Amino acid sequence: MKKTKSTKNVKIEAVAKPKHHLIIFAHPNSNSFTKAMVDQIILASEKAGAETVVRNLYTMNFNPILSQEEIQGAYQGILAEEIRYEQQLIHKADLITLVYPLWWMGFPAILKGYLDRVLTAGFAYQTDANGSVGLIHGKKMQQFVNLGSNVAEYETKGFAQALDVCLINGLFNFCGITDIDYELFGSLYGISDQERQAILTKVAEKTTKNITAL
Ligand SMILES: Cc1cc2nc3c(=O)[nH]c(=O)nc-3n(C[C@H](O)[C@H](O)[C@H](O)COP(=O)(O)O)c2cc1C
């Protein structure tokens, strides 16, 4: 009988799982500072070896209108193909980055509509008689928010805390995402090129750090 070779000394090397990074951003101007930030984030992400997917909501021409029919459908698990696709991207992501300008104290409408339509019941949260629980687990998030106003002034007036409680940690904690690194970048109409460059460097460095820590 033929003897098979012993595999005792064969080394099995662990193959590192690729890290998935989903970047969602909303700005209608492809020459905006917000877009320049996204470009730096993409470069840092790819350099860190993450599989990087970018959802530019304006170039996608994303329809932000959540209809009554769609709300009812979602409760029965009936979803449009485009929504199912976005949910798969979120499901796959280890790091989710949101980049947007603050518009009237909130998300630009296209991003708000994206969240309205994509974070459906049964995917992002579940509600029963005992209350609601988030369903999106095991992910890190970064949010970079651009403001025309001064951040120190927003802190003094309590607006920065309100944004944290509502848009940033509040909304995403509800969906189960609790590990959120965010920063508001303010006075964007008044800062120098050097200060803008420092912001670009900062978002790139944060991206590298957050991917490395995954
Ligand atoms: C419709 C609209 C609403 C805005 N609302 C706010 C606001 O509530 N607070 C604020 O600080 N800046 C506000 N801004 C200023 C933007 O945040 C600012 O233009 C943007 O962050 C600059 O980034 P960009 O150079 O990438 O456009 C608003 C701008 C627009 C166009």
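Every heavy atom of this structure was used, including side-chain atoms; hydrogens, water molecules and symmetry mates were not. Start at 1 and go down the list; that is how both ligands and their atoms are numbered. Predicted model, so just to flag it, every value in this text is computed and none were measured.
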**Student:** Under a 3.5 Å threshold, yes or no: a donor from one side chain and an acceptor from the other, between Q161 and Y154?
**Tutor:**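 Absent: no donor and acceptor within the cut-off.
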**Student:** Does a donor on one side chain sit under 3.5 Å from an acceptor on the other, for S45 and H21?
**Tutor:**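 Checked: S45/H21 side chains pair up, N/O donor to acceptor below 3.5 Å.
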**Student:** Report yes or no: do S67 and E70 form a side-chain donor-acceptor pair below 3.5 Å?
**Tutor:**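 Note: S67 and E70 side chains miss the donor-acceptor criterion.
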**Student:** Does R55 make a cation-pi contact with Y114 (under 6.0 Å, within 45 degrees of the axis)?
**Tutor:**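 Output no; distance or angle outside limits.
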**Student:** Applying a heavy-atom distance cut-off of 4.0 Å, which protein residues contact ligand 1?
**Tutor:**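 Those residues closer than 4.0 Å to ligand 1 by some heavy atom are H27, S32, F33, T34, P101, L102, W103, W104, M105, N146, L147, G148, S149, Y154, L188, Y189.
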**Student:** Does Y182 have its ring centroid less than 6.0 Å away from the ring centroid of F144?
**Tutor:**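 Between Y182 and F144, the centre distance exceeds or equals 6.0 Å.
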**Student:** Could you verify whether a donor N or O on one side chain and an acceptor N or O on the other, from E153 and S187, lie under 3.5 Å apart?
**Tutor:**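 No, because no side-chain N or O of E153 sits under 3.5 Å from a partner of the opposite role on S187.
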